[in-house]
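Residue numbers begin at 1 in each chain, while the letters A, B, ... track the order of the sequences. As the structure is a prediction and not an experimental result, all values here were calculated from the model.
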Amino acid sequence: MNYWLIKSEPDAFSIDDMEKAGTEPWDGIRNYQARNFMRDGMEVGDLALFYHSNCKPPGVVGVVKVASRPYPDHTAWDASAKYYDPKSSEENPRWIMVDFEFVEKFSEIVPLDQLKVTPELEGMLTLRKGNRLSITPVEEAHFKQILDLTK
DNA sequence: GCCAACGTTGGC
DNA sequence: GCCAACGTTGGC
């Protein structure tokens, strides 16, 4: 069992969209580190914090669950798609994705400001200055600490 | 809108 | 393999 944090811009896809969708293919990941986390680390049933980025305020707004094994991201093959990558092919897919399933929406956001001042979360990858990864692993203790902050 | 941080690209 | 130029992310 591993824990993760995934970022999404609420203007593009929010926790409410996630709740409506129920299950959502997480396509469009075009970063090797994030891809490798999905490929090498994610297991069906893993839990992930759902984080709203690029908004006011940014922060953790809920929990989702890994609902599939990694599989090729076909949007990379579609020349008209936003995340088209000519270097990826059906024979040799460069990018992958997983499905996420809605688990929970917090009654209130846990804002980034609060994460930053919580001593137990010191060292969390997402809090590191300049971190732009859209998928990061989260330590179990940190994951549980953030759930505690919602109570 | 600004800009720091970081990843990617491509010339050499 | 180096590194400058460029693009993107995301907090502020």
Under 4.0 angstrom between A:Lys129 side-chain N/O and B:dC3 OP1 or OP2: no
I'd like a table of donor-acceptor pairs (distance under 3.5 Å, sequence neighbours excluded) in which one partner is a side-chain atom from residues 50-60 of chain A, with atom names and distances.
from: A:His52; atom 1: NE2; to: A:Ile15; atom 2: N; distance (Å): 3.0
from: A:Asn54; atom 1: ND2; to: A:Glu9; atom 2: OE2; distance (Å): 3.2

Name all pairs fulfilling the salt bridge (charged side-chain N to carboxylate O under 4.0 Å, His left out) condition that reach into residues 140-151 of chain A, sequence neighbours left out, sorted by first residue then second. A:Glu140-A:Lys144, A:Asp148-A:Lys151
Roughly how many Å is it from CG in A:Leu115 to P in C:dC12, rounded to a whole number? 11 Å
Under the ring-ring contact (aromatic ring centres under 6.0 Å, His included) test, residues paired with A:Phe143 that sit two or more places apart: A:Tyr3
Please list, by residue number, the residues of residues 120-128 of chain A whose heavy atoms come closer than 4.0 Å to an atom of DNA chain B; answer none if no residue qualifies. none
Listed once per pair and sorted, the salt bridge (charged side-chain N to carboxylate O under 4.0 Å, His left out) pairs that draw on residues 13-32 of chain A, sequence neighbours left out: A:Asp16-A:Lys105, A:Arg30-A:Asp73
Please collect all ring-ring contact (aromatic ring centres under 6.0 Å, His included) contacts where either partner lies in residues 58-81 of chain A, sequence neighbours excluded, each pair once. none
Would you mind telling me which residue lines up with the more 5' stretch of DNA chain B, A:Asn54 or A:Gly130, judged by nearest nucleotide? A:Asn54
Under 3.5 Å, is there a donor-acceptor pair between the side chain of A:Thr75 and the main chain of A:Tyr83? no
Sorted by chain and number, sequence neighbours left out, ring-ring contact (aromatic ring centres under 6.0 Å, His included) with A:Phe102 holds for none
Salt bridge (charged side-chain N to carboxylate O under 4.0 Å, His left out): which pairs involve residues 110-134 of chain A, sequence neighbours left out? none
With the criterion being N/O to N/O and under 3.5 Å, what pairs connect the protein with nucleotides 7-11 of chain B, and how long is each?
from: B:dG7; atom 1: O4'; to: A:Arg132; atom 2: NH2; distance (Å): 3.1

